[in-house]
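Remember, predicted model here, so these are calculated numbers, not experimental data. Numbers for residues simply follow the sequence, beginning at 1.
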Amino acid sequence: MTLDPDTARRLRDGMARGVLSFPLTSFHDDGTLDPDGFRAHVAAQIATGPGAVFPACGTGEFFSLDEDEYRQVVTIAVEEAGGRVPVVAGIGYGWAQAVRFARIAEEAGADALLVLPHYLVAAPQDGLVAQLEQIAARTRLPLIAYQRGQVAFGVDAFRRVAAIDGVIGLKDGHSDLDRLQRLTLAAPEDFLFFNGASTAEIQARAYATVGVPAYSSAVHAFAPEIANAFFTALRDGDDKAVEKLLRDFYVPLVELRDRVPGYAVSLVKAAARLRGRPVGPVRAPLTDPSDADLADLRVLLTTGLDLVGAAL
């Protein structure tokens, strides 16, 4: 496959400039896709200066989209980005299905693909490598592997992954910094690493110490003012500002998130709705927050925005 060598450079430049945006997928109240709402949402996300945009990934409820909906989502993201920032589309399930989504993303004009953890079954290291080999052999787009859940690479398997033609990066959601440090030391010089922990800001300083400063931000999907303020404080070494945002906003957000499975997405969508964003409800099997949790979220969101001089 012929890969665009410029994509990795654009991603690296974007990672140094801002957080990685994972936009929400907009649905109507009846659960159908809302293309106009998504277009407005992703346009607003791009306007706040993220380093890259990752549509149809975990926060974007990739698992609930059919192929036609996926095509619309990726196409809209590419159109709204207009080449200003890289667009990295999520793909997943088994490799055969992942390739179907990869081809749709290619046709839509995506710059790269994030390979979400495969579906359901545990697999040996050889199988994890083979999954990426099968996908890479069937797409011209560069791949970023995502280790989370049942996907966790040992050093030997990772070396094989990093040697696959077309694999340019790894997103880590395990937060095992010992393992991650070993992987960064084993990586080729220009290999990209991303902090993909849930509410990644909580561990951003720790990840940076092992050479992984770039991170995805779910908060950016509903409060880019907070996400960008944290990114700037972290980049500038303003520990006082970082710790205040962590103490008064991010840690309470994680505590609220951990009340109910799936709130890592549901709360983000609810917070976006509180700010008037046209994102709609989540799809099953996720559920929207309870009234009590929504009230706590409103208070917390107001507090966080106050910290950075913004309003609900």
same_hphob_cluster(Val299, Ile226) at 4.5 Å side-chain heavy-atom cutoff
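Looking at the clustering, Ile226 is in a separate group from Val299.
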If hydrophobic clusters are built from ILVMFWY residues whose side chains come within less than 4.5 Å, do Val219 and Val282 share one?
no
Listed by chain and number, what are the side chain to side chain donor-acceptor pair (under 3.5 Å) partners of Thr59, not counting sequence neighbours?
none
Just verifying a value: how many Å separate [X] [atom1] and [Y] [atom2], rounded to the nearest 0.5 Å?
X: Leu256; Y: Asp296; atom1: CG; atom2: CG; answer: 6.0 Å
X: Ile46; Y: His41; atom1: CD1; atom2: NE2; answer: 10.0 Å
X: Leu170; Y: Leu143; atom1: CG; atom2: CG; answer: 12.0 Å
X: Asp111; Y: Thr7; atom1: CG; atom2: OG1; answer: 5.5 Å
X: Phe27; Y: Lys269; atom1: CZ; atom2: NZ; answer: 4.5 Å
X: Glu67; Y: Arg100; atom1: CD; atom2: CZ; answer: 4.0 Å

Is it true that the NZ or CZ of Lys171 lies under 6.0 Å from the centre of Phe194's six-membered ring and within 45 degrees of the ring axis?
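Not flagged: Lys171 not positioned over aromatic ring of Phe194.
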Ion pair check, [X] and [Y], cut-off under 4.0 Å:
X: Asp156; Y: Arg159; value: yes
X: Arg273; Y: Asp288; value: yes
X: Asp6; Y: Arg9; value: yes
X: Arg138; Y: Glu106; value: no
X: Arg160; Y: Asp126; value: yes

By ring-ring contact (aromatic ring centres under 6.0 Å, His included) - contacts of Phe158 (at least two apart):
Phe191, Phe193
Consider side-chain contact (heavy atoms from CB on, under 4.5 Å). Of Phe62, Tyr93, Phe63, which one does Leu116 pass it with?
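Going through the options one by one, the only one that passes is Phe62.
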Verify the ring-centre separation between Phe249 and Phe230: is it less than 6.0 angstrom?
no
Tyr70 and Phe101: aromatic ring centres closer than 6.0 Å?
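When the ring centroids of Tyr70 and Phe101 are compared, they turn out to be within the sub-6.0 Å range.
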As a test of understanding, state which of Phe222, Phe54, Tyr146 forms a ring-ring contact (aromatic ring centres under 6.0 Å, His included) with Phe22.
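For Phe22, the ring-ring contact (aromatic ring centres under 6.0 Å, His included) test succeeds with only one of Phe222, Phe54, Tyr146, which is Phe54.
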With no hydrogens and no angle check, is any side-chain donor or acceptor of Arg275 less than 3.5 Å from a backbone partner on Ala311?
yes
